[in-house]
Amino acid sequence: MQTQTENQAETQWVAALDAEARGLVAAVDAQPDASRLLDGTLDQAGYIHYLIQTYHYARWSTPILAEAGHRLKRLGRHPELAELLIQKGEEERGHERWLLADLKNLGCPAAQVEAAARSPAVDAYTGWNFFTSRAGVPAAVLGTAYVLEYLSQTRAGVWAERLRAVAAIPNIHKSVTFLRNHGALDGDHVAEMARILGRLTDPEEQAAILFSARVARLVYPCIFREGGAASIPLAR
Ligand SMILES: [Fe+2]
Ligand SMILES: [Fe+2]
């Protein structure tokens with residue numbers, strides 16, 4: 001049986017995580033290309049840039065999550081969070097293939113995607129999350145997952161719908177698999193994470209999760225073209 005004070009502490013900590021997630025949505029909406037995703041008017045080059053950069057971090061989601069989960073298990077701490085990380089690693093498996101399929105339908109073959117330059121934001125994102133997964137506080141990866149899935153439940157489905165409705169990009173109706181599937185799945189994923197994370201009372205672990213959520217909030221919005229269509233392409 002929990003006391004009211006314990007319940008309040010749990011609610012407060014998940015509310016802090018939600019505040020980071022809402023901050024991420026606001027920061028993304030403020031990016032010129034992301035605002036064009038929201039009204040459906042993004043041009044082909046901007047959408048391709050976004051999908052390629054997404055591919056370059058999403059391809060690592062399963063190893064980052066799974067390694068964090070298995071390491072947490074080996075450390076013998078927070079078994080419920082270890083299981084959640086392993087489960088989320090499985091949930092993410094193969095999502096990079098949706099990106100490759102969407103890009104192919106936009107005329108961008110896999111070889112071109114693989115050869116494309118990664119944005120500094122993608123390197124920062126994968127570098128930080130591989131660090132926490134393999135050497136830092138492994139549960140911190142859940143902070144990243146939480147805010148990105150929150151963004152996804154709030155925006156991915158809407159972006160897919162608007163892109164299709166405006167149809168400014170040739171073949172767009174065959175090129176929104178990644179967005180459409182995430183919009184459909186991630187609402188439940190966020191609710192499940194909030195329920196499990198609400199039971200976490202360790203302040204150090206909470207701080208590490210919040211810290212990674214904050215890193216994602218700062219880094220992720222920079223995967224879009226800087227300044228929108230006026231930006232200089234990334235150099236390799
Ligand atoms: Fe995914
Ligand atoms: Fe998800």
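All heavy atoms count here, side chains included; hydrogens, waters and symmetry mates do not. Predicted, not measured: the structure shown is a model, and the values here were computed from it. Remember, it's 1-based here, ligands and their atoms both numbered in the order they're listed.
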Test: Glu83 and Lys73 ion pair at under 4.0 Å: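 Salt bridge: yes.
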Check this for me, if you would: do Glu90 and Arg93 make a salt bridge, where the nitrogen-to-carboxylate-oxygen distance has to be below 4.0 angstrom?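 Yes, charged N to carboxylate O under 4.0 Å.
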Name of whichever N/O/S atom of Glu149 is nearest to the Fe ion (ligand 2):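 In Glu149, the N, O or S atom with the shortest distance to the Fe ion (ligand 2) is OE2.
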Restricting to N, O or S atoms, which atom of His189 is closest to the Fe ion (ligand 2)?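 Checking each N, O and S atom of His189, the shortest distance to the Fe ion (ligand 2) belongs to ND1.
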How wide is the angle at the Fe ion (ligand 1) between NE2 of His182 and ND1 of His95, to the nearest 10°?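 It comes to 90°.
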To make sure I understand the geometry: which N, O or S atom in Glu92 is closest to the Fe ion (ligand 1)?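 For Glu92, the N/O/S atom sitting closest to the Fe ion (ligand 1) is OE1.
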Phe211 ring center near Trp128 ring center (under 6.0 Å):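 Between Phe211 and Trp128, the centre distance is under 6.0 Å.
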Are Phe131 and Leu72 connected in the hydrophobic side-chain network, where two residues link if heavy atoms are under 4.5 Å apart?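 Phe131 and Leu72: one cluster.
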Give a yes or no on whether Arg97 atom CZ has more than 12 heavy-atom contacts from other residues, nucleotides or ligands under 6.0 Å away.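 No, the 6.0 Å shell around CZ holds no more than 12 heavy atoms from other groups.
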Metal proximity, Asp186 vs the Fe ion (ligand 1), N/O/S cut-off 2.8 Å: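 False for Asp186.
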